[in-house]
Amino acid sequence: MRLIVDPDLCEGNGVCEKLAPEIFRLGDDDQARVLVDHPPDSASGKVEQAIRRCPRQAIRLVPD
Amino acid sequence: VELNPFSYEFHEDPYPVYRWLREHAPLYRNAELDFWALSRFRDVYAASLDWQTYSSAEGTVLERLDPRYLDQTPMMIFLDPPRHDRLRKLVSRAFTPRRVAALEPFVRATAVRLLEPLARAGGGDFVKDFSTPLPMEVIFTLLGVPDADRVQLREWTDQALDRDPDTPALPARAIAAMMQQMRYWYELLPELRRHPNDGLICALFDAEIETDDGGTTRLTDGEIIGFCSLLGAAGNETTTKLLADAAVLCSRHPDTHALLCAEPGRLPDAIEEVLRFCSPAQYNARTVMRDVEWYGQTVPRGARILLLIGSATRDEREFPDPDRFDISRPAPTQLALGQGVHFCLGASLARLETRVALEEFGRRFPRYVVDESRCARVHMSNVHGWATVPFTRA
C-alpha cells in the first residue's frame, strides 16, 4: 500500500507533520506531502495516528 | 431524562444530561421534537466523517431553516460535497495556519487596545469588553467590512441566533435580525464593487468556481453573501465563547492561570483542553440519507440526528476522568472543531486569537476573579457559552 495526501482535501493544518515529521512535510504552499510513500513497519503506529487525526481526513493508504 | 437543546435550564449545565445519554441511551430519540442523537465519542466521530450518510444540506441546527433562504444565499456549512468543496476551496487558502500566523501582530495590537482600559479600570465584563470585540474586529477586517458597521452587524448575528425557552420555533426578533443582516450585505456589495478594499469579500468578486460541466463561472451575489454571512457569524460567535470559557475556567483554577502566566508556551495545550471541556459548538445536526442501524435500532432515511460534540468530548470511554479540567492531558483527538469535510475552516484563526488574547490578558491580570453569581449564559441553539462574565483584579 502506498501513502498519499489528497491535495484537494489538505488545508495545511500540519497535524501529520507534528506526529510524524520523518514521513510528512508541510510545504510553503500549505500542502502536506509524503516524504516516504512506503513507510517502514516501525512507523505504522504514527502513520495510523496521522490518518486518524488529520482534521480534513486527507491522508490515505491506496493500493500500489 | 430529556434532551431539549432549547431548554434554558439545560444551557446552565448540559453535562449531566449528556452523561446519562452516553450511559443509558447512546442512540437517543426525542419523539416530541422529532430528532435522534448520538452522544459517544466514537459514534460522533464516525458519523462526522460519513457525509454521504449524514447530510448537512437541510441545515446543521435542529430548528428548520427556511429553504428559500438556504437557496438564495448558499453556505458551504449547509452543503455536501461536491458543491461544498468547490465553495470551500475559494476561501480555504485565506485560513491556513501559515496565512493566519501572519495576522498575529494585528491580533495582538487589537487585543492590547481592548485590554488597556480594562487594565486601568481593574476589571470589566470579559465578554462584552474583550471576547466579543476582539474576534469581531479580526473577522470583519479580514472580510473588509467597514469599521462603522461592525457593532451593528455583530448584534444582528447574536439576535439571529437567540432562541426562546424550550422551542425550536424561530423568535420574531431572530427573523427580523436575519432579514436586516441580509439587506445590509445586499447593500454592501455594490458599495464594495465601486470602492474595493483588500478584504476577502472583494477577492470573491473575481473568484471563479467550477461548474458541473467542468467549466468555470463567477460567483453570484447570493453565493458571496452566503460567505459573508457564514464567515461573519462563525468568526464571531464561537471564538467569543471559547475565550470566555477560558477566562471562567482559569478563574476557577487559579493555579492553572498562574502556570499559564509563567509558562505561556503551555497555552496551546490549555486551549485544546478548554475546547474539550466546554465545546462552544455543542452539536451538529445532520439528515440521515439512508436507514442506519445504531444499538439495535433503525434510524430511518430522512430523520434528523444530532451529533453531540459537547457530549463526545466528555466521554469517559475516550478521556479518563472527563469532568476534570486538566491542561496537562495529552493532546486529544479534537472533535470540538468538527472532523472531515466540514472541519472548522477558522480553526487556526480561533486558536491564534485565543492564544494571543490569553497571553495579553494574563500579562495585565496575573490574578483575577470572575463573579460567577453575575455571569449569564447565551440561549442559542447549538452554540453554548457565556453572555456576561464580570471580573476584577485580585
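Side chains are part of it too, since the values below use all heavy atoms of this structure and drop only hydrogens, waters and symmetry mates. Below, chain A is the first sequence line, B the second, and so on; all start at residue 1. None of these values were measured; they are calculated from a predicted model.
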**Message:** How long is the straight-line distance from CD1 of I51(A) back to CG of L61(A), given to the nearest 0.5 Å?
**Reply:** 4.0 Å
**Request:** Rounded to the nearest 0.5 Å, what's the gap from CD1 on I201(B) to CG on D198(B)? Could you check?
**Result:** 11.5 Å
**Asked** Can a cation-pi geometry be assigned to R317(B) and F41(B), taking NZ or CZ under 6.0 Å from the six-membered ring centre and within 45° of the ring axis?
**Response** no
**Message:** Please check this pair: side chain of R108(B) against backbone of L103(B), looking for a donor-acceptor N/O pair closer than 3.5 Å.
**Reply:** no
**Asked** Is N382(B) reaching over with its side chain to a backbone N or O of Y283(B), donor-acceptor style, under 3.5 angstrom?
**Response** yes
Between chain A and chain B, which donor-acceptor atom pairs come closer than 3.5 Å, counting both backbone and side-chain atoms?
| residue | atom | partner | partner atom | Å |
| --- | --- | --- | --- | --- |
| Y45(B) | OH | R52(A) | O | 2.5 |
| R88(B) | NE | E11(A) | OE2 | 2.6 |
| R88(B) | NH2 | E11(A) | OE1 | 2.8 |
| R88(B) | NH2 | E11(A) | OE2 | 3.4 |
| K89(B) | NZ | D8(A) | OD1 | 3.4 |
| R93(B) | NH1 | D29(A) | O | 2.8 |
| T96(B) | OG1 | D30(A) | OD2 | 2.7 |
| R98(B) | NE | D30(A) | OD1 | 3.1 |
| R98(B) | NH2 | G27(A) | O | 2.9 |
| A331(B) | O | R53(A) | NH2 | 3.1 |
| P332(B) | O | R53(A) | NH2 | 3.3 |
| Q339(B) | NE2 | R52(A) | O | 3.4 |
| Q339(B) | NE2 | C54(A) | O | 3.1 |
| G340(B) | N | P55(A) | O | 2.6 |
| V341(B) | O | R56(A) | NH1 | 2.7 |

**Complete:** Closest non-hydrogen atoms of A336(B) and I309(B), given as atom of the first, atom of the second and distance, are CA-CG2, 3.7 Å
